[in-house]
Amino acid sequence: MPLWSSRQRFREYQSASEIRRRQSRAEKTLVTRHGTEVSARRSRSILPLLRAFARFLRSDWRSVTASLGCASVAASLELLPPAATKIAIDNVFSGLPLSERVTRWFPHSWTLTDTPGGLLGALAISIIAISFVAVVFGLIGRWLATRTVKRVQNRVRRLVFSQAMRLPLSRIQQMRTGGFVATLREDGAGVGDLVFSMLYNPWRAVIQLLGSLAVLAITDWRLLLGALVLLPVIVLTHRTWIGRIRPMYRDIKVTRDGIDAHATEVFSGMRVVRGFARSRTESLRYTEGTHLMARQELLVWWWSRGIDLAWALFIPVASAALLWYGGTQVLRGTLTAGDLVLFLTYVMMLLIPIQMLASSATAFQANLAGLDRILDLLGEQPEMPDSPTAVRLTKREITGDVCFNDVAYRYPGATEDVLRNISFAAKAGQTIALVGPSGSGKTTLCNLVARFFDATNGAITVDGRNVRDIALNSWRSALGIVEQDVFLFDGSVADNIRYGDRVASDALVRRAATLAHAIEFIDALPQGLNTRIGERGVRLSGGQRQRLAIARAILADPRILILDEATSSLDSQSERLIQFALMSLVQDRTTFVIAHRLSTIQHADLILVLERGEITAAGTHAQLMVASEKYQNMVLMQTAIPAPPKVIGSQPLSSPS
């Protein structure tokens, strides 16, 4: 069976769905939006969730109260117009006199109701007036509830986004970007939607339900018992929706998300796809996914039609039975024709609030699960909270003497240290170069300087003060970082450079670009500094992006500078120009340089050779060329002329297809 057989995948999906449904009988489970199975047992009971939701609503309780009041008035008024049908049939068309319960609502001076035509006109005017008032109150109530929903959603999203900004970097790296965006969009929206699924819609439905039942009970309690037979059918169809159809809709969403993710991935890596001649393969994969989704949608269609058929057959049968029984009562004189029509009308109206309650219960469960996930995220420990005694320092108050004293670091959940026994001193204005093979701990050491992590052992001091005793934001404001993997935002060139100083003038931005030797290509762009560069700077070359990152660091005017192979994406000519720019940039700044090309750090004040998380040698370039065999070998490997590759054989690695 080829990879792109949607029929086979659909059969596997049906088998997996059946197994999942059987397992859910033993333990209640839910399917997440990513398609994974989780237990439906919440970590929090209903009361803590409701208390948390009440806290989100605390500033909007007046709007909620007014909304429920308007909903009560609107739902009560909507129960009155069907009663006009009974009066029209019994008192207008059949000529029966109005009952005392009706006439007492009209002034004695009214003569409009003395004739059948006048009574019919009064009924029409009353229906219009009542409906108008009900619509006005309903619109006001729904507007107040909707406004509250948007306020709660914005409040929750702001809290979640702010909390994510404070999470440890290791936690951020574990989070899937799409998952976090879904938390912001879907779970944040779901918390706000609790206003409708838990308050507004159930409140309105209960009023309509109780009012309809009261009218039915007054009309004929035996007919009411017959109408209540509809309730088990509603429950059964709702359970079918919950147990069968709703999981299918979740599965369709998972499949759709996979199709969208595949399409995004293919277009992002189009050069690789075309370079390996995989256009047809990727097209077939996309077609397979869309065919699978179509089969799933057809399966849902058949199950949904089953519910529709049940309602289409049962409701007419039940209505016919009620009509037959009620009709016999009319023939016997026990009920009037208006009573029967009134009863059948309210039976149909009875289905609306029941269906609304069922839908609200479904949405209520999903929204509570979203609230639970939101509370989990909000409850996570933020990134290295400042101690009560932490001091805030301005950039100019930091000299830049950095000292590592027997520092070690271990990633959360790891069993071994990635850095150990790290001790050295960097004087203000010195350049410290870090060299060594990949995985030796160079980037981790710089992350400790930037306090992306805190050392698990030992201490890092700045100007004699433990870096933990400095407020984190004030310490970060004194840093400038240029990484190998440059990240630029979707904005103008000036906006990306000004990210280092949001209030910098255009003259300072242009000066920073000039020092980074970026002004030449910037002036060649269609709109110069105002040219938009696309997401992640996609409209620029690698070297151009690198120079913009350097300009951004220059504008920030940091006291501590971290360069992670900042010239790696530049050609030889640009690299030479950038080296001159960096030489002026690092003056009077403590600079940490991660270098793979050793020719770029020969003038460093201190070179640290790292291997397996430890410093194996330290000194200047001249000192290490004499004292460190490891460093000598690294230099020789980069300066020696590579030998021609050996030909192992003439046969290709794989047989041609």
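Scope of the values below: all heavy atoms of this structure, side chains included, with no hydrogens, waters or symmetry mates. All residue numbers refer to positions in the sequence shown, counting from 1. Computed from a predicted model, the values in this text were never measured in an experiment.
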Subject >> Chi angles and distances behind the side chain to side chain donor-acceptor pair (under 3.5 Å) call for S492, D495 >> reply: CA-CA 5 Å; S492 68; D495 289 339; 3.0 Å; yes
Test your reading of the model: is there a side-chain donor-acceptor pair from [X] to the backbone of [Y], 3.5 Å cut-off?
{"X": "D501", "Y": "A556", "answer": "no"}
{"X": "S423", "Y": "N405", "answer": "no"}
{"X": "Q546", "Y": "V482", "answer": "no"}
{"X": "T461", "Y": "N466", "answer": "no"}
{"X": "S162", "Y": "L159", "answer": "no"}
{"X": "T620", "Y": "L606", "answer": "no"}
{"X": "D463", "Y": "T399", "answer": "yes"}
{"X": "R420", "Y": "D417", "answer": "yes"}
{"X": "Q430", "Y": "T590", "answer": "no"}

Is the shortest side-chain heavy-atom distance between [X] and [Y] below 4.5 Å?
{"X": "Q163", "Y": "V160", "answer": "no"}
{"X": "I519", "Y": "R510", "answer": "yes"}
{"X": "F53", "Y": "V195", "answer": "yes"}
{"X": "I601", "Y": "V435", "answer": "yes"}
{"X": "V407", "Y": "L445", "answer": "no"}
{"X": "R532", "Y": "Q527", "answer": "no"}
{"X": "V462", "Y": "W475", "answer": "yes"}
{"X": "Q153", "Y": "D193", "answer": "yes"}

When rounded to the nearest 0.5 angstrom, what distance separates [atom1] in [X] from [atom2] in [Y]?
{"X": "L371", "Y": "M198", "atom1": "CG", "atom2": "CE", "value": "9.0 Å"}
{"X": "S440", "Y": "K442", "atom1": "OG", "atom2": "NZ", "value": "3.5 Å"}
{"X": "T444", "Y": "L434", "atom1": "OG1", "atom2": "CG", "value": "11.0 Å"}
{"X": "D523", "Y": "T531", "atom1": "CG", "atom2": "OG1", "value": "9.5 Å"}
{"X": "F592", "Y": "I562", "atom1": "CZ", "atom2": "CD1", "value": "7.0 Å"}
{"X": "I560", "Y": "T591", "atom1": "CD1", "atom2": "OG1", "value": "8.0 Å"}

Are there more than 12 heavy atoms of other residues, nucleotides or ligands under 6.0 Å from atom [atom1] of [X]?
{"X": "K395", "atom1": "NZ", "result": "yes"}
{"X": "F521", "atom1": "CZ", "result": "yes"}
{"X": "R476", "atom1": "CZ", "result": "yes"}

Atom pairs and distances, donor-acceptor, side-chain atoms in residues 607-616, under 3.5 Å, two or more places apart:
{"residue": "E614", "atom": "OE2", "partner": "N421", "partner atom": "ND2", "Å": "3.2"}
{"residue": "T616", "atom": "OG1", "partner": "V609", "partner atom": "O", "Å": "3.2"}

**OP:** Test side chain to side chain contact (heavy atoms under 4.5 Å, CB included) on L529 and V509 and set out the steps.
**Re:** CA-CA 9 Å; L529 286 169; V509 171; 4.2 Å; yes
**OP:** Check the pair I481 / L563 against side chain to side chain contact (heavy atoms under 4.5 Å, CB included), numbers first and verdict last.
**Re:** CA-CA 6 Å; I481 302 176; L563 304 176; over 6 Å; no
Shortest non-hydrogen contact from [X] to [Y]?
{"X": "P558", "Y": "G480", "result": "CB-N, 3.2 Å"}
{"X": "R392", "Y": "S474", "result": "CA-OG, 3.8 Å"}
{"X": "I398", "Y": "A478", "result": "CD1-CB, 3.6 Å"}
{"X": "G192", "Y": "V152", "result": "CA-CG1, 3.8 Å"}
{"X": "R547", "Y": "A518", "result": "CB-CB, 3.9 Å"}
{"X": "I497", "Y": "L555", "result": "O-CD2, 3.3 Å"}

**OP:** On the 0 to 90° scale, with breaks at 30° and 60°, tag the Y631-H621 ring pair as parallel, tilted or perpendicular.
**Re:**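 The arrangement is perpendicular - the two ring planes meet at more than 60°.
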Original post:
Parallel under 30°, tilted from 30 to 60°, perpendicular over 60°: which one fits the rings of F424 and F404?
Top reply: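 Correct class here is parallel.
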For the pair [X] and [Y], find out whether any cationic side-chain nitrogen is under 4.0 Å from an anionic carboxylate oxygen.
{"X": "D454", "Y": "R451", "result": "yes"}
{"X": "D401", "Y": "R465", "result": "no"}
{"X": "R498", "Y": "D506", "result": "yes"}

**OP:** Begin from the C-alpha positions of L561 and L479 and carry the test side chain to side chain contact (heavy atoms under 4.5 Å, CB included) through to its verdict.
**Re:** CA-CA 6 Å; L561 186 63; L479 297 177; over 6 Å; no
Subject >> Residues S59 and R155: side-chain donor-acceptor under 3.5 angstrom >> reply: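 Side chains of S59 and R155: pair found under 3.5 Å.
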Original post:
Hey, mind stepping through T443 and D564 against side chain to side chain contact (heavy atoms under 4.5 Å, CB included) and telling me if it holds?
Top reply: CA-CA 8 Å; T443 300; D564 185 354; 4.1 Å; yes
